[in-house]
Visitor: 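Supplied in structure tokens, the structure appears directly below.
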Amino acid sequence: MGQAEDRGRGVYAISVAAELVGTGQQNLRLYERRGLLEPGRTLGGTRQYSEDDLVTLRRIGELLDLGLNLAGIRMVLLLEADNRRLEGELKAASASRSPVRRE
DNA sequence: CTTCTGACA
DNA sequence: TGTCAGCA
């Protein structure tokens, strides 16, 4: 399954990432400064936006439309990430329990 | 490509 | 406060 790896490696320059999500390059840099996301960097220091980064970027746009400020969006993203992790743990925990016996 | 600065709603 | 334009 190389798809999960492609997700984190699909790389876009800030100019194409900005155009893909419909915003300016300046905003993407601001989002990073405010801790909303952390795109990869080349050895030269240029940002590399992955497919996952584009997803969170579009999520940021949604939250922005809902009226949240960047600080609020940062917390939502953190909580959602935490939630996905817990969901995975819960799923793994229920799978490790023997399906026939429930407590 | 980068950071920074200022103007606008 | 977030967005955008221009500069170095």
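Sequence lines set the chain letters: A, B, ... in the order given, protein chains first and strands last, and positions in each chain run from 1. Below, all heavy atoms of this structure are taken into account, side chains as well, without hydrogens, waters or symmetry copies. Since the structure is predicted, the reported quantities are computational estimates derived from the model, not experimental observations.
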Visitor: To the nearest Å, how far apart are L68(A) CG and dG2(C) P?
Guide: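 Taking CG of L68(A) and P of dG2(C), I get 10 Å after rounding.
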
Visitor: If only side-chain N and O atoms of T42(A) are considered, is one of them under 4.0 Å from the OP1 or OP2 phosphate oxygen of dC1(B)?
Guide: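 Checking dC1(B) against T42(A), no side-chain N or O comes under 4.0 Å of OP1 or OP2.
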
Visitor: Rounded at 0.5 Å granularity, tell me how far CG in L57(A) sits from OG1 in T23(A).
Guide: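 Taking CG in L57(A) and OG1 in T23(A), the distance rounds to 8.0 Å.
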
Visitor: So if I apply the salt bridge (charged side-chain N to carboxylate O under 4.0 Å, His left out) rule between E80(A) and each of R74(A), R59(A), R85(A), which one comes out positive?
Guide: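 That would be R59(A).
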
Visitor: Whole Å only: how far is the CD atom of Q25(A) from the C1' atom of dG2(C)?
Guide: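 About 17 Å, once rounded to whole Å.
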
Visitor: Can you measure Q48(A) atom CD to dT2(B) atom P for me and round it to whole angstrom units?
Guide: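 Computing the Q48(A):CD to dT2(B):P distance gives 10 Å.
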
Visitor: Could you state the CG-C1' distance from L63(A) to dG2(C), rounded to the nearest angstrom?
Guide: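 My rounded result for the distance is 14 Å.
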
Visitor: Could you run through nucleotides 3-8 of chain C and give me one letter per nucleotide, 5' to 3': B if any protein heavy atom sits under 4.0 Å from the base, S if only the sugar-phosphate is that close, - if neither?
Guide: BBBB--

Visitor: Specify the separation, in whole Å, of atom CG of D65(A) and atom C1' of dG2(C).
Guide: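 Value for this atom pair: 12 Å.
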
Visitor: Is S50(A) close to R9(A) at the side-chain level, that is, under 4.5 Å between some pair of heavy atoms?
Guide: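 Contact flag for R9(A)/S50(A) side chains = no.
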
Visitor: Could you state the CZ-P distance from R34(A) to dT1(C), rounded to the nearest angstrom?
Guide: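 Going from CZ in R34(A) over to P in dT1(C) covers 8 Å.
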
Visitor: Looking just at side-chain N and O atoms, do D53(A) and T56(A) make a donor-acceptor pair shorter than 3.5 Å?
Guide: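 Per modelled atom types, D53(A) and T56(A) side chains form no pair under 3.5 Å.
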
Visitor: What stem regions, each of at least 3 consecutive Watson-Crick or G-U pairs below 3.5 Å, can be found for DNA chain C?
Guide: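 Stems (3+ consecutive pairs) listed as B:4-9 with C:1-6.
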
Visitor: CG/L70(A) to CD1/I60(A) distance, rounded to the nearest 0.5 angstrom?
Guide: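 Going from the CG atom of L70(A) to the CD1 atom of I60(A) covers 8.0 Å.
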
Visitor: Using heavy-atom distances to pick each residue's nearest nucleotide on DNA chain B, tell me which of R33(A) and V16(A) is more 5'.
Guide: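 It is V16(A), whose closest nucleotide lies nearer the 5' terminus.
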
Visitor: Look only at the side chain of T42(A) and the backbone of T46(A), and say whether a donor-acceptor pair between them is shorter than 3.5 Å.
Guide: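 Checking the backbone N and O of T46(A) against the side chain of T42(A), a donor-acceptor pair under 3.5 Å is found.
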
Visitor: As an exercise, state the distance from CG of L77(A) to CG of D82(A), rounded to the nearest 0.5 Å.
Guide: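 Answer for the CG-CG pair, L77(A) versus D82(A), is 12.0 Å.
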
Visitor: Flag the pair R84(A) and E89(A) as a salt bridge only when some basic side-chain nitrogen lies within less than 4.0 angstrom of an acidic carboxylate oxygen.
Guide: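 So R84(A) does not pair with E89(A) through a salt bridge.
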
Visitor: Same cluster or not: are L20(A) and L64(A) linked, directly or through other Ile, Leu, Val, Met, Phe, Trp or Tyr residues, by side-chain heavy atoms under 4.5 angstrom apart?
Guide: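 Yes, one cluster joins them.
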
Visitor: How many Å lie between CZ on R74(A) and P on dG2(C), as a whole number?
Guide: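 Spelled out: CZ on R74(A) to P on dG2(C) is 12 Å.
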
